[in-house]
Amino acid sequence: MMTVPTLTGQQPAAARRPGLAAQLLRRKPIGQMVSETENGQGGPKLVRSFGVLQLTMISVGATLGTGILVILGESVPLAGPAIWISFAIAGLAALLSAVSYAEMAGLVPVAGSSYSYTYATMGEGMAWICGWCLVLEYAVSVAAVAVGAGQYVNESLAVFGQVLPDSISQPPGDGGIMNIPAMVIVVLATILLVRGARESAWINTAIVVVKVGILLFFCVVAFTAFNAGNFEPLLPMGAAGVSAAASTVFFSYIGFDAASTAGEEARNPKRDLPRAIMLSMLIVTTIYVLVAVAAIGARPWGWFDGTEAALVKILEETTGQPWIALVFAVGAVLAIASIVLTVLYGQTRILLSMSRDGLIPRIFGRVSSRTGTPVAGTLIVGIAVALTAGLVPLGALADATSIGTLFAFALVNVAVIYLRRNRPELKRTFRVPLFPLTPILGALMCAFLMANLGADTWVVFGIWMLVGLAAYFGYGRRHSRVAALSHEEYRELSGRETSTPSTTEPTKADLS
């Protein structure tokens with residue numbers, strides 16, 4: 001009986017390594033991904049402790065509040081009173097991608113999210129690009145959200161006649177030296193994640209309940225000051241302004257992506273991940289649109305330009321009661337903390353998967369036998385994100401996050417189409433409706449929103465991609481575990497999944 005080859009940690013010999021074109025096209029077999037998940041690659045495994053409730057709360061916690069609590073003041077001037085339409089457009093784009101994520105999450109129930117999905121369908125080259133985009137998406141979005149914490153800390157202190165000086169509450173580009181509140185929130189989230197994923201999930205669930213409560217409370221208060229005239233004209237900046245705002249706030253919808261990174265810590269991932277993804281999208285989109293309508297109804301759109309912590313100010317001006325603003329501001333800080341916690345969690349799991357494949361250093365994939373978490377990787381990511389949050393302005397972070405998110409989402413839509421065409425026999429616990437129209441529209445919507453981002457954002461994205469290519473050729477290509485397999489071993493692993501030629505590695509003749 002033939003022994004099944006595995007992806008070991010040994011470095012590939014130069015003689016065994018495939019050519020560049022063949023290596024970039026090598027796909028990681030789905031069965032091998034699942035096998036590594038169950039066996040832990042000879043070391044400690046992640047602990048399966050999440051049910052559908054915890055997975056949904058991870059998704060909602062990573063999503064709900066970002067666009068409303070942090071960047072509302074920056075997005076309303078772009079779209080005017082139609083900002084709620086921008087949230088709806090971004091939500092539709094996210095939903096089209098979310099159903100693709102739901103199918104892939106049930107099919108490939110492992111850590112790594114869209115990076116793992118891309119590796120299984122489009123090969124190592126596109127997987128690296130996707131993973132590198134996810135690093136941008138997650139790390140920068142954590143920093144972007146944490147930056148907004150300083151605004152709400154100041155609103156809390158203002159009730160007592162105090163305020164943090166700009167020198168310690170603003171980054172250098174905004175007149176300060178370092179955003180200390182943002183850094184503190186990231187550090188606290190990092191410590192919590194190091195202690196254990198299960199404990200972090202329960203704390204996140206409690207905070208999400210508080211977050212939903214304060215946003216619904218805001219809606220009740222804001223609707224008492226509702227003025228329909230604030231919605232006229234609906235499109236002062238035209239359709240282009242609505243599209244630009246939709247592109248900016250799209251990063252508010254990455255929560256379901258964070259949930260899909262928990263594939264190895266879910267008790268029943270094939271069943272619960274698709275449910276959690278779809279349920280969280282429904283909750284988040286409904287609340288975003290409701291809060292946006294309430295906010296515009298309470299104040300004319302021009303009022304939002306340059307206004308920090310806009311929702312707190314609306315509550316304070318509407319009620320005239322500082323204690324109400326204090327309660328909301330404290331709740332907002334907790335809400336931001338839950339976003340930082342869950343998105344930082346997703347980042348560490350993406351890096352764990354990439355490390356497991358040998359594309360980044362092994363330290364990111366080491367799981368502690370005591371806590372069942374990647375302690376070293378979490379600490380490294382936490383320190384890097386804390387420094388970014390303390391030193392980089394919010395606007396630049398939000399746009400950079402959006403472009404990385406959109407690119408990764410587009411790849412997942414393509415992955416669904418690929419597997420439906422080439423692996424129709426695989427058992428799917430969730431199927432994208434209206435296939436192939438839905439994933440095609442999802443990919444096109446992502447491309448449309450990317451096109452609406454500014455030139456500066458594209459320059460940053462291009463530079464990030466160049467750095468990623470240098471990292472791949474400098475480290476990833478030489479340490480790839482899939483590339484370490486001989487041609488015969490790779491064909492055997494692929495052949496055990498299917499005997500069709502479409503799933504085997506291309507020959508030199510095919511590539512020439």
Side-chain angles (χ1 to χ4, degrees), residues 50-72 141-142 145-159 181-182 184-193 195 197-223 252-256 258-259 276 279-292 294-295 309-316 318-319 321-346:
F50 296 160
V52 68
L53 173 63
Q54 289 86 2
L55 293 170
T56 303
M57 291 300 101
I58 287 174
S59 183
V60 175
T63 309
L64 186 59
T66 309
I68 293 294
L69 294 173
V70 179
I71 64 169
L72 190 65
S141 67
V142 170
V145 174
V147 166
Q151 302 171 5
Y152 287 95
V153 170
N154 270 336
E155 291 300 323
S156 302
L157 294 175
V159 175
V184 169
I185 284 183
V186 175
V187 170
L188 291 176
T190 301
I191 294 173
L192 186 58
L193 286 174
R195 289 178 60 85
R198 184 175 182 179
E199 294 81 357
S200 302
W202 279 113
I203 291 175
N204 173 68
T205 298
I207 296 176
V208 168
V209 172
V210 173
K211 177 160 50 176
V212 171
I214 66 168
L215 288 174
L216 293 178
F217 172 71
F218 167 81
C219 291
V220 171
V221 174
F223 275 121
S252 306
Y253 287 91
I254 68 171
F256 65 85
L279 182 58
S280 65
M281 281 300 303
L282 177 62
I283 295 171
V284 167
T285 303
T286 300
I287 294 180
Y288 270 163
V289 173
L290 184 62
V291 173
L311 302 190
V312 173
K313 293 191 184 325
I314 290 175
L315 285 177
E316 189 172 3
T318 301
T319 64
Q321 300 294 326
W323 69 268
I324 292 181
L326 172 63
V327 170
F328 187 90
V330 172
V333 172
L334 290 175
I336 290 171
S338 77
I339 299 170
V340 171
L341 177 66
T342 49
V343 178
L344 194 62
Y345 163 84

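Values below: all heavy atoms of this structure, side chains included; hydrogens, waters and symmetry mates excluded. FYI, the numbering just counts along the sequence from 1.
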Using 0.5 Å steps for rounding, measure from the [atom1] atom of [X] to the [atom2] atom of [Y].
X    : Y    : atom1 : atom2 : result
L326 : E316 : CG    : CD    : 10.0 Å
L282 : T286 : CG    : OG1   : 4.5 Å
T342 : L193 : OG1   : CG    : 9.0 Å
I314 : T319 : CD1   : OG1   : 11.5 Å
L341 : L192 : CG    : CG    : 5.5 Å
W323 : L315 : CH2   : CG    : 10.5 Å

Taking all non-hydrogen atoms of both residues into account, name the closest pair between [X] and [Y] and its distance.
X    : Y    : result
A294 : A222 : O-CB, 3.7 Å
C219 : V291 : SG-CG2, 3.6 Å
I336 : I185 : CG2-CD1, 4.5 Å
L55  : A276 : CB-CB, 3.6 Å
I207 : S338 : CG2-CB, 3.4 Å
I58  : Y345 : CD1-CE2, 4.5 Å

_Residue among L290, V284, I283 satisfying side-chain contact (heavy atoms from CB on, under 4.5 Å) with I287_ =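 Of the listed residues L290, V284, I283, the side-chain contact (heavy atoms from CB on, under 4.5 Å) partner of I287 is I283.
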Which atom pairs, donor and acceptor, lie under 3.5 Å between side-chain atoms of residues 327-335 and protein residues at least two apart or in another chain?
none

Does some side-chain heavy atom of [Y] sit less than 4.5 Å from a side-chain heavy atom of [X]?
X    : Y    : answer
L215 : L311 : yes
T190 : L344 : yes
T318 : F218 : no

*Mark yes or no for whether T63, through its side chain, and V60, through its backbone, hold a donor-acceptor pair below 3.5 Å.*
no
